[in-house]
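Input: a single structure, listed below in structure tokens.
Along the sequence shown, the residues carry numbers beginning at 1. Since the structure is predicted, the reported quantities are computational estimates derived from the model, not experimental observations.
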Amino acid sequence: MAIFFSIHPDNPQPRLLKQAAQWLNDGGLVAVPTDSSYAVVARLDDKAAADGLRRLRGLDDRHHLTLICRDLAEIGHFARVDNKQYRLLKAATPGPWTFILEATREVPRRVSHPSRKTIGIRVPDHLVTLGLLDAVGAPLLSTTLIPQGEEEALNDAEIIQERYAHQLAAVIDAGACPQLPTTVIDLTGDEPAVMRHGRGDPATLGLA
């Protein structure tokens, strides 16, 4: 049965974040609020947990999982970023965006795209999720919490608890999230390409 944490959205309690981090360190999956919708996260270095993320969503290995990072410096450790890409990332982070970038060797091959060696990267604008990242001390592997066979992401922690009580280690409740996924932008080509329209408006980044 998933543990249910009620955490203040503006002043997250360090004690509760530390407890949630421990569930991740023990190999569990945790549902977390973000600035787009709820996501499910796991430790990057935990193969079994990463496999659990895919099973929960019904995803194959060609679906990009996303690394949630704390800042641009951390992004640069796990993805190759040139000057042009850096300027775009700096303008967009933190925020409701996921960027597809070439993965560095720090990203396990099992979680990058099998043929392209790319990874999704984002920095959320949400104090609870950023606080959890600090408590873990490392980026987290994530996927948007969209139930199998459905199109809309979940944004209510109590509903998530009811539906996934036996698949998650913990659910963090910090109030409802926007019910929109991130906007996904592929930066691996000559020009940025919008792959999915979500909460982030590409026009604010100068993209059509």
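Nearest heavy-atom pair, Ala174 versus Tyr38, reported as atom, atom and distance to 0.1 Å: N-OH, 3.6 Å. Between Gly120 and Ile100, the shortest heavy-atom contact is CA-CD1, 3.9 Å. Taking every heavy atom of both residues into account, Asp186 and Gly189 meet most closely at OD1-N, 4.3 Å. When all heavy atoms of Arg80 and Ala103 are compared, the closest pair comes out as NE-O, 3.9 Å. Contact between Arg43 and Asp45 at its shortest, heavy atoms only, is NE-OD1, 3.0 Å. When all heavy atoms of Pro178 and Asn155 are compared, the pair lying nearest together is O-CB, 4.3 Å.
Between the side chains of Arg57 and Thr143, at least one donor N or O lies within less than 3.5 Å of an accepting N or O.
Residue pairs meeting the side-chain hydrogen bond (donor to acceptor under 3.5 Å, both in side chains) criterion with at least one member in residues 86-99, sequence neighbours excluded, are Thr98-Thr182. Annotation: salt bridge (Lys or Arg N to Asp or Glu O under 4.0 Å) contacts involving residues 63-78, sequence neighbours excluded, comprise Arg70-Glu74, Arg70-Asp134. Residue pairs meeting the side-chain hydrogen bond (donor to acceptor under 3.5 Å, both in side chains) criterion with at least one member in residues 14-24, sequence neighbours excluded: Gln22-Asp26. Applying the salt bridge (Lys or Arg N to Asp or Glu O under 4.0 Å) test to every pair with at least one member in residues 160-182, sequence neighbours left out, gives these pairs: Glu150-Arg163.
Taking CD1 of Ile119 as the start and CD1 of Ile75 as the end, the distance is 12.0 Å to the nearest 0.5 Å. Once rounded to the nearest 0.5 Å, the distance linking CD of Glu102 with OG1 of Thr188 reads 8.5 Å. Separation of atoms CZ (Arg196) and CG (Leu180) is listed at 10.0 Å; rounding is to 0.5 Å. Rounded to the nearest 0.5 angstrom, Asp156 CG and Ser37 OG are separated by 13.0 Å. We find the CG-CD1 distance between Leu154 and Ile146 to be 8.5 Å, quoted to the nearest 0.5 Å. To the nearest 0.5 Å, atom CD1 of residue Ile121 and atom NE2 of residue His77 are 11.0 Å apart.
In this structure the side chain of Val81 reaches within 4.5 angstrom of the side chain of Leu89, judged on heavy atoms. Between Phe5 and Val30 the shortest side-chain heavy-atom distance does not fall below 4.5 Å. Residues Pro124 and Pro94 fail the side-chain proximity criterion, which asks for heavy atoms closer than 4.5 Å. Taking the side chain as every heavy atom from C-beta outward, Thr34 and Arg122 approach each other to under 4.5 Å. The closest side-chain heavy-atom distance from Leu132 to Ile172 is below 4.5 Å. Within the 4.5 Å cutoff, side-chain heavy atoms of Leu88 are placed close to those of Phe99. The side-chain heavy atoms of Val128 and Val32, taken from C-beta on, include no pair separated by under 4.5 Å. By the 4.5 Å heavy-atom criterion applied to side chains, Leu141 and Val41 are not counted as neighbours.
No donor-acceptor pair closer than 3.5 Å links the side chain of Ser142 to the backbone N or O of Ile68. Between the side chain of Gln179 and the backbone N or O of Ala153 there is at least one donor-acceptor pair closer than 3.5 Å. Using a distance-only test at 3.5 Å, with no hydrogens or angles considered, a donor-acceptor pair links the side chain of Arg199 to the main chain of Asp35. At distances below 3.5 Å, at least one donor-acceptor pair connects side-chain atoms of Gln13 with backbone N or O atoms of His8. Distance alone, capped at 3.5 Å, places no donor-acceptor pair between the Gln161 side chain and the Ile3 backbone.
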Gln167/Leu29 under side chain to side chain contact (heavy atoms under 4.5 Å, CB included): CA gap, chis, key distance, verdict:
CA-CA 8 Å; Gln167 295 169 269; Leu29 305 180; 5.8 Å; no
Applying side chain to side chain contact (heavy atoms under 4.5 Å, CB included), run through Leu56 and Val40 and close with a yes or a no.
CA-CA 9 Å; Leu56 186 144; Val40 181; 4.2 Å; yes
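Salt-bridge check for Asp51 with Lys47: passed, with a basic side-chain N closer than 4.0 Å to an acidic carboxylate O.
Put simply, the residue from Ile185, Thr183, Asp201 that forms a side chain to side chain contact (heavy atoms under 4.5 Å, CB included) with Leu207 is Ile185.
For Leu127, the side-chain contact (heavy atoms from CB on, under 4.5 Å) partners at least two apart in sequence or on another chain are Pro12. With sequence neighbours excluded, the residues forming a side-chain contact (heavy atoms from CB on, under 4.5 Å) with Glu191 are Lys84, listed by chain and number.
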